[in-house]
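Reckoned from all heavy atoms, side chains included, excluding hydrogens, waters and symmetry mates. Order of the sequence lines fixes the chain letters, A, B, ..., with proteins taken first and strands second; residue numbering starts at 1 for each chain. Note that the coordinates shown come from a computational prediction; the quantities given were computed from them, not determined experimentally.
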There are 2 protein chains.
Amino acid sequence: MESIARIGRVAHATLGAQAYEALRDRLIAGALAPGERLSLRTLAEGLGTSVMPAREAVSRLVADEALEVLPNRAVRVPVMTLSTFRELTRVRIAVEGFAATEAARRLAPDDLAAIRSHDAAFRHEVLAPEPDLERAMRANRDLHFAVYRAAGLPSLVAIIEGLWLRIGPVLNLDMRSSRRRVAEGGAQVHHAHLAAALAAGDGDGARAALAADIAASADFIETTGRLAP
Amino acid sequence: MESIARIGRVAHATLGAQAYEALRDRLIAGALAPGERLSLRTLAEGLGTSVMPAREAVSRLVADEALEVLPNRAVRVPVMTLSTFRELTRVRIAVEGFAATEAARRLAPDDLAAIRSHDAAFRHEVLAPEPDLERAMRANRDLHFAVYRAAGLPSLVAIIEGLWLRIGPVLNLDMRSSRRRVAEGGAQVHHAHLAAALAAGDGDGARAALAADIAASADFIETTGRLAP
DNA sequence: TGCCGTGATCTGTGATCACACTTAGGCTCG
DNA sequence: CGAGCCTAAGTGTGATCACAGATCACGGCA
């Protein structure tokens, strides 16, 4: 939620914030499977602190709906239902599509350069004989958020980060299981269309390309993924 | 963030959750002025608990950007800058506008009845010789969220609640200071257009009416409000 | 009279302890 | 040999204590 301006991070944020970032990254990276249960004390032990920072981190993630607390008061990674996945996808297309439109209007040269760089990195990784999935996913994420940041609306970026936090587990988990189909997904094509539309200042084109990209990856997840009914 | 299904609230949520709800309501209602500082211990004393629940509530509100923690580690209600206010307004028009479009597609008879009921309540309150501002604002909020809920996208409603949480303080604070201009704002007209478009299934019309409503109230705040430069 | 230093107090943060509750395992009894 | 109870370990939640840092006001010195 607060990854903006992470540059100047001098050193000591509060332990709770560090725990939040750590858990958040593991969640987005798909290191925690949906349905997996978490324990405050185990978590704290892993962080080398008391339960307090872990408690705060979990609280915030629960507020973001990136974790859920069962009636038993047990904490776990939410299991994504097919219907809520589709709902999230529709919201993503709307919100991220708007961001793409705005980005096309405001795009600065630096933004375009960054976007093209991430695009190249993703294409290179995905077309390699031995694709590094993790690096590809990171390049994909960097590309998307470079676009969103270019819209110049920080609160919109925060909203989108919240959405990615929720789909992160299921998305990255499934990507990991299927190595080769990443290249067949055709994400490179959508990315190319997106970059071209942005460079041309074509807001509708950018939105369409991004929507197609999101829809394609959602389809991919729906077919290979094990989403709860 | 979790005001949906508040009906079944049997009794005992955790103290932290209760504290969060309480603080959140005070924030949305404008009971806390922007820039006002908060103290965990004072807050806890007001709640009749220890600092722990207050701490959790504040943590979550900070995560929602409804509160902010200064470099001094002091906690206060954020002072809204004019530029961030305009940014939030643009995001609101995009996100809430999308919700209105969806609502026009999916609208159920019950939804329309609820919307018309809140619309009538707002118009009645605002055209009265002695308008009750608080009741008018509540009717306005109920009307808006009845529309958003009709879109059938709970995660979108949660996002919008986060946005309202941030503009709540400045919005309700300014409304309180200017009693009579509420009627002149013409919100009733926008609401009427909105309800008509929704009833006709006109998505674009609903979006336009809602955008006009948001823009008008934003203009009102900008002129009478004391937003930081 | 004006200004600076200094101590008391209040801030959030983290650790530790206490408690109600759930859950899983082992033991006893049929 | 199997099933049921019952204890013990583990859960999140809340309270209390400890601590570093910031704030502010009062008092002494120039």
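B/Thr49 places no side-chain N or O within donor-acceptor distance of the main-chain N or O of B/Glu45, the cut-off being under 3.5 Å. Using modelled atom types, no side-chain atom of A/Glu96 and backbone atom of A/Ile160 make a donor-acceptor pair closer than 3.5 Å.
Side-chain proximity of B/Val75 to C/dG12, D/dA15, C/dA15: nearest is C/dG12. Closest to the side chain of B/Val51, from the set C/dG14, D/dA15, D/dT16, is D/dT16.
DNA chain C lies under 4.0 Å from at least one heavy atom of each of the following residues of residues 39-47 of chain B: B/Ser39, B/Leu40, B/Arg41, B/Thr42.
Counting heavy atoms from C-beta on, the side chains of B/Leu38 and B/Leu23 come closer than 4.5 Å. When side chains are defined from C-beta on, B/Glu102 does not count as touching B/Tyr148, because their heavy atoms never get closer than 4.5 Å.
Residue B/Arg141 qualifies as enclosed at atom CZ: its count of foreign heavy atoms under 6.0 Å is above 12. For CD of B/Glu134, the number of neighbouring non-hydrogen atoms (other residues, nucleotides, ligands) closer than 6.0 Å is 12 at most.
The side-chain hydrogen bond (donor to acceptor under 3.5 Å, both in side chains) with A/Asn140 is formed by just one residue from the set A/His118, A/Arg135, A/His191; it is A/His191.
The nearest whole Å value for the distance from the CE atom in A/Met52 to the P atom in D/dA15 is 12 Å. Between the CZ atom of A/Arg55 and the P atom of D/dG14 there is a distance of 8 Å, given to the nearest Å. For the pair A/Leu15 CG and C/dT16 P, the interatomic distance rounds to 13 Å; values are reported in whole Å.
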Tabulate atom names and distances for all N/O pairs under 3.5 angstrom spanning the protein and nucleotides 20-25 of chain D.
residue : atom : partner : partner atom : Å
D/dT23  : OP1  : B/Asn72 : ND2          : 3.0

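For the pair B/Thr14 and D/dG14, the criterion of a side-chain N or O lying under 4.0 Å from OP1 or OP2 is met.
Among the protein residues, A/Leu70 comes within range of no part of the nucleic acid, since none of its heavy atoms lies under 4.0 Å from any strand.
With sequence neighbours left out, the salt bridge (charged side-chain N to carboxylate O under 4.0 Å, His left out) criterion links A/Arg106 to no other residue.
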